[in-house]
Student: 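One structure, as structure tokens, below. Some questions next.
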Amino acid sequence: MDTKYNPSGYEQKLLEKWLSNNTFHSEPDKKKDPFTIVIPPPNVTGVLHMGHALNNTYQDILIRYRRMSGLNACWVPGTDHAGIATQNVVEKKLAKEGKSRYDVGREAFIEDVWEWKKHHGDYIIDQLKKIGCACDWERERFTMDEGLSKAVFTAFQHYYEKGLLYRGHRIINWCPRCQTALSDIETEHQELPGKLYHVKYPIKDSDEFITVATTRPETMLGDVAVAFHPDDERYHHLKGKKIILPIVNKEIEVVYDEYVDREFGTGAVKITPAHDPNDFEVGKRHDLEPVLAMNEDGTMNENAGELEGLDRFVARKKVIEILKEQGLLVKVEENPHNVGHCYRCDTIVEPYLSKQWFVNMKPLAEKAIEVVEQGRIKFTPERWKKVFLEWLYNIRDWCVSRQIWWGHRIPVYYCQDCDEIMVSANSPEKCTKCGSTNIKQDEDVLDTWFSSALWPFSTLGWPEKTKDLEYYYPTSQLVTAPEILFFWVARMIMSGMEFMGDIPFSEVFLTGTVRDETGRKMSKSLGNVIDPLKIIKEYGADALRFTLMVITAQGQDVFLSDEKFQIGRNFYNKLWNASRFVISNLEEYNTEFNKDNLDILDSFILTRLEKTKETISAAYKDFRFDVLSKSIYEFIWDDFCDWYIEGIKPYIYGKKEDDGNKMKVACYVLDNALRMLHPVMPFITEEIHNHLTKVEKSLIDEKYPIKDDQLIDEENLTEFKKIQGIVKEIRNLKAQSNIKKSETIKVILLNDSFKDEESLHYVQYFAGAELELVDTLPEGGKYSKAVAENVEILVDLTENVDLEEEKERLKGEIDKLVKEIERSTKMLNNKGFVANAPEKVVEKEKEKFEMYKESKSKLEETYKNLFPGEEL
RNA sequence: GGGCGGGUAGCUCAGUUGGGAGAGCAUCGGCCUUACAAGCCGAGGGUCACAGGUUCGAGCCCUGUUCCGCCUACCA
């Protein structure tokens, strides 16, 4: 084995092996239970970021663990066509050539996107491979694949025929830059400093004015009425009157509607049905014809009179100017408010009246609510369940049409001759009603999330009834970011119930968000991203994975910085070197140690190993990746390296009699540890395992270690912990007395301090001490004393010891004990404690009390001996 | 406006049915001990945000306050 482990070389080699052997492939197999995960498909435009790295490491660990545990694990990978985002990328590319998509035309543009996808789109898939993802690459899917497109059209037709899909005029969120409708959750609200403008509208045939307030004055050009509360007597006299809309000097209506809050402002609300969802509802109730004042690109239209052609924000200023000139602007107040922004390009979205396709979500949501309330789908951390349900209880219809070109074109066909509307997954050639071939397909495409909603079954072949679908569906667990809980998770559950009649997965694990060290979300525009590929290059994929796992508490946000990845690097370095030591001292790969020939050290390491297995399997159940990573880390570093390997050295170097059993134990432990760690650090564990067994195999095909209760020996573990405690104390005494670790120190112990010779040997060895056993401890003389684990430790102080320091040390120790005794006394004198606390706790406290008292008197004795006559 | 998460060592964070406050990094001291200086041995360091309450006992449970972050929402 190389003396240094250089990740990039090994990782590349192993990766090529895995890929060329198709190691991660899964086929339906009735003899085994499936364990399925579908990947949250990253955008084709995406490059791997830390969020992906975190998310996919979780999934990879789950997949590898289940596969090693004997399940038929299948991880379905793929990418999402990400309509708006991808179109934006290609449009930007065109813009550099001075062209727009309209210049090249729809067909040529889509070809361009496919071309782009072919060359840049699979970039992220390669990156996933680099972090070691055990995806079944043969099953890679793309949401625009033929099969998945068919799923989309089939689903659309199904919803339409069931009456759950309709086309209607509604206020939607319009992005003037992307020039498309967005769904409610695709608009992100940010608070911006805004103003509330109070404007006077003249009342026709009267000297009176009515004052209304607005945050978006430019939309007043689309006003059709002013509304008052029906019970508001201040405005009853206006019934039947008309109001003059300034600037365009149009007559508008007076209406009375309970929507108006009498307490707010003047109690008068201008009604702009084409630019505000509430106003739209009011307009409908009062038969008011909406007036659209804006074009799709955010400029004012012909209804804006002299403002026609101005951009909406320029128009806002202009409106205010005009109103001021005409003396109609009453006042302007500061009014910070939340404004919707396009989640793809951050442009301020416009509530805008438009004809779009909607899915009626209520009936779909009901089933999703049911399965989650019943606990058939479990969320981890559990708090997301509430968030999830809350959203579903208040669900609104989903606007699914988008005015872009890249995506699944809506499978609706309009006959140009007879107005027939046909909805069909198979593009019809002629009108089903009049037979005309003059039919035109809807221009719009579907929301990208419409296709991802079908992902858990469309990737497995739906709408065909495939073997895969039958075997792998429902999938097992889903790992994703909470940001897409509504976008994706909720919709998958709804469509799973609708099309498959069953839940798409039974457990959902929501990850935390990756942030920089100051707590900000990592984003390109902030420039605070840590590129996982850079980390892989510097530290290796294993270090990246391990570090992410060990520092991220379950579902909590994680704060990252470059240096943190040293945790992982240091760990693999330790593992590599320890393994190198074991392997180089091993004659052959043999884990069949003699169970009847174990000493206290063997028993200690085996007990700790088996207990670690227990911790790990519990951690898997609870998605505690931090716990499982940390417990393997501690086992390998603290128990195996610092105690077991150190402890067997005298046997290896021939300083102690050895029958070879210790190396077999070491082999067994290392073999187990590598398997246990493999899901977290797949590369190095496999590399080492191959060296250990001298056989080239994929570790993922090996069995995950199962706990062997026979190897657990609590009594020996306790005894060894006692050894460790004493060793630590002696080392401490040596360090404080400036005695080198390599120098031995004379230590006197009572005969019955330990169970047997073995224990004494290890104390002597680990502590670097020469033990003298006596029946009674010497009184007087220059000895320092410490008490650990209820054992008195006497150290010869004849040489080289600063008595002043020793005095301080003893004083400090005694002081600590005094405080402990005080605390303990108080507790034990408390009748309530003795009466109410569990007997075990009280007993323990009494024992401790006795121990403290004993220790204290022992130390005091020593103090008096060393410093006769001096006050404590 | 509503909801959620968090405030524990200098930093980043653990702390699972309430029973003597932990890890990693950083700091300090000592070590080239034949796997590893990316290491080994040892040490110091905390009014568990604040104020109440429940309890024999609270970092943990309840109430309130405060600060940070996130999600969500049509008050013109």
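Since the structure is predicted, the reported quantities are computational estimates derived from the model, not experimental observations. Below, chain A is the first sequence line, B the second, and so on; all start at residue 1.
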Student: Indicate whether OP1 or OP2 belonging to B/rC40 is found under 4.0 Å from a side-chain N or O atom of A/Trp637.
Tutor: yes

Student: Kindly point out which of B/rC75, B/rG24, B/rU72 is positioned nearest to the side chain of A/Phe486?
Tutor: B/rU72

Student: Classify A/Val387 by what it touches in the nucleic acid, base, sugar-phosphate, or nothing, heavy-atom distance under 4.0 Å.
Tutor: nothing

Student: Rounded off to whole Å, could you give me the CG-to-C1' distance for the A/Leu692 and B/rA35 pair?
Tutor: 15 Å

Student: Can you tell me the distance, in whole Å, between the OH atom of A/Tyr644 and the P atom of B/rC40?
Tutor: 19 Å

Student: Looking at B/rC13, which nucleotide sits across from it as a Watson-Crick or G-U wobble partner, both distances under 3.5 angstrom, or is there none?
Tutor: B/rG22

Student: Think A/Asn732 has a side-chain N or O under 4.0 angstrom from the OP1 or OP2 of B/rA43?
Tutor: yes

Student: Any cation-pi pair here, A/Lys826 with A/Phe833, using under 6.0 Å and within 45°?
Tutor: no

Student: Taking the six-membered ring of A/Phe379, is NZ or CZ of A/Lys385 closer than 6.0 Å to its centre and within 45° of its axis?
Tutor: no

Student: CH2 of A/Trp384 versus P of B/rG5: gap in Å, rounded?
Tutor: 9 Å

Student: What does A/Glu820 touch in the nucleic acid at a heavy-atom separation under 4.0 angstrom: a base, only the sugar-phosphate, or nothing?
Tutor: base

Student: Between A/Asn830 and A/Lys844, who's closer to the 5' end of RNA chain B by nearest nucleotide?
Tutor: A/Lys844

Student: When you look at CD of A/Glu191, are more than 12 heavy atoms from neighbouring residues, nucleotides or ligands closer to it than 6.0 Å?
Tutor: yes

Student: Taking the six-membered ring for Trp and the single ring otherwise, decide whether the centroids of A/Tyr572 and A/Trp576 are under 6.0 Å apart.
Tutor: no

Student: Side chain of A/Asn570: nearest nucleotide among B/rC56, B/rA35, B/rG39?
Tutor: B/rG39

Student: Classify A/Arg809 by what it touches in the nucleic acid, base, sugar-phosphate, or nothing, heavy-atom distance under 4.0 Å.
Tutor: nothing

Student: Taking only the P atom of each, what is the distance from B/rG59 to B/rU65 in whole angstrom?
Tutor: 22 Å

Student: If you only use heavy atoms from C-beta on, which nucleotide in B/rA35, B/rA76, B/rG24 is closest to the side chain of A/Cys641?
Tutor: B/rA35

Student: In whole Å, measure the gap between the P atoms of B/rU16 and B/rC61 for me.
Tutor: 9 Å

Student: Choosing from B/rG42, B/rU34, B/rA76, which nucleotide comes nearest the side chain of A/Val260?
Tutor: B/rA76

Student: Please state the P separation for the pair B/rC32 and B/rC40 - nearest whole angstrom.
Tutor: 16 Å

Student: Taking CD1 from A/Ile252 and P from B/rA76, how many angstroms apart are they, rounded to a whole number?
Tutor: 19 Å

Student: Does the structure show a Watson-Crick or G-U wobble partner for B/rU66, both distances under 3.5 Å? Name it, or say none.
Tutor: B/rG7

Student: Given B/rG42, B/rG19, B/rC74, identify the nucleotide with an atom nearest to the side chain of A/His189.
Tutor: B/rC74

Student: Heavy atoms from C-beta onward define the side chain here; which of B/rA35, B/rC4, B/rA38 lies closest to that of A/Lys386?
Tutor: B/rC4

Student: Any donor-acceptor pair, under 3.5 Å, between the side chain of A/Glu390 and the base of B/rA73, if you only look at N and O atoms?
Tutor: no

Student: Could you check which nucleotide pairs with B/rG42 in any of the strands shown, counting Watson-Crick or G-U wobble with both distances under 3.5 Å?
Tutor: B/rC28

Student: Think A/Arg731 has a side-chain N or O under 4.0 angstrom from the OP1 or OP2 of B/rG30?
Tutor: no

Student: Can you find a side chain N or O atom of A/Asn573 that sits less than 4.0 Å from OP1 or OP2 on B/rA38?
Tutor: no

Student: Between A/Arg569 and A/Asp542 (salt bridge meaning N to carboxylate O under 4.0 Å), is one present in this structure?
Tutor: no

Student: Expressed in angstrom and rounded to an integer, what is the separation of A/Glu483 atom CD from B/rC70 atom P?
Tutor: 11 Å

Student: Would you please confirm or rule out a distance under 4.0 Å between OP1 or OP2 of B/rC40 and any side-chain N or O of A/Lys574?
Tutor: yes

Student: Do you know the tightest heavy-atom contact between A/Thr612 and A/Ser631?
Tutor: CG2-O, 3.8 Å

Student: Determine whether a donor-acceptor pair (one donor, one acceptor, N or O, separation below 3.5 Å) exists between the side chain of A/Asn278 and the base of B/rC74.
Tutor: yes

Student: Nearest whole angstrom, please: distance from the P of B/rU34 to the CD1 of A/Ile652.
Tutor: 14 Å

Student: For the P atoms, the ones on B/rC70 and on B/rG29, what distance do you get once it is rounded to whole angstrom?
Tutor: 41 Å

Student: Measure from the side chain of A/Arg569, starting at C-beta and using heavy atoms only, and say which of B/rG24, B/rA38, B/rA35 lies closest.
Tutor: B/rA38

Student: When all nucleic acid strands are considered with a 4.0 Å heavy-atom cut-off, which category describes A/Ala835: base, sugar-phosphate, or nothing?
Tutor: nothing

Student: Between A/Tyr653 and B/rA35, does any side-chain N or O lie under 4.0 Å from OP1 or OP2?
Tutor: yes

Student: Quick check against the 3.5 Å criterion: does A/Thr272 have a side-chain atom that pairs as donor or acceptor with the backbone of A/Ala274?
Tutor: no

Student: Using the P atom as the reference point in each nucleotide, state the distance between B/rG15 and B/rA51 in Å, no decimals.
Tutor: 25 Å

Student: Identify whether any heavy atom of A/Glu646 sits under 4.0 Å from a base atom; if not, whether one sits that close to sugar-phosphate; answer base, sugar-phosphate or nothing.
Tutor: base

Student: Answer with yes or no after comparing the ring centroid distance for A/Trp643 and A/Phe766 against a 6.0 Å cut-off, counting only values under it.
Tutor: yes

Student: Applying a 4.0 Å non-hydrogen cut-off, can you work out what A/Pro351 is touching in the nucleic acid: base, sugar-phosphate, or nothing?
Tutor: nothing

Student: Could you please name the partner base of B/rG1, counting Watson-Crick and G-U wobble pairs only when both distances are under 3.5 Å?
Tutor: B/rU72

Student: Rounded off to whole Å, could you give me the CE-to-C1' distance for the A/Met827 and B/rU55 pair?
Tutor: 13 Å

Student: From the set B/rG44, B/rA76, B/rA38, return the single nucleotide nearest to any side-chain atom of A/Phe264.
Tutor: B/rA76

Student: On a whole-Å scale, what distance lies between the P atoms belonging to B/rC60 and B/rG18?
Tutor: 11 Å

Student: Between A/Tyr10 and A/Tyr5, is the ring centre distance below 6.0 Å?
Tutor: yes

Student: With C1' as the reference atom in both, quote the distance from B/rA26 to B/rG45 in angstrom, rounded to an integer.
Tutor: 12 Å

Student: Starting at CD of A/Glu191 and ending at C1' of B/rA73, how long is that distance when rounded to a whole Å?
Tutor: 13 Å

Student: Side chain of A/Phe833, heavy atoms from C-beta onward: which of B/rG19, B/rA38, B/rG24 has the nearest atom to it?
Tutor: B/rG19

Student: More 5' along RNA chain B: A/Asn577 or A/Thr215, using each one's nearest nucleotide?
Tutor: A/Asn577

Student: Under 4.0 Å, heavy atoms only, any strand: does A/Arg624 hit a base, just the sugar-phosphate, or nothing?
Tutor: sugar-phosphate

Student: For the base of B/rA35, is there a side-chain donor-acceptor partner from A/Lys649 under 3.5 Å away?
Tutor: yes

Student: Take the angle between the ring planes of A/Tyr352 and A/His275 and call it parallel below 30°, perpendicular above 60°, tilted in between.
Tutor: perpendicular

Student: Classify A/Asp642 by what it touches in the nucleic acid, base, sugar-phosphate, or nothing, heavy-atom distance under 4.0 Å.
Tutor: sugar-phosphate

Student: Please state whether the base of B/rC56 and the side chain of A/Lys831 form at least one donor-acceptor pair under 3.5 Å?
Tutor: no

Student: Among B/rG42, B/rC75, B/rC56, which is the nearest nucleotide to the side chain of A/Asn836?
Tutor: B/rC56

Student: When rounded to the nearest Å, what value does the distance between C1' atoms of B/rA14 and B/rC48 take?
Tutor: 13 Å

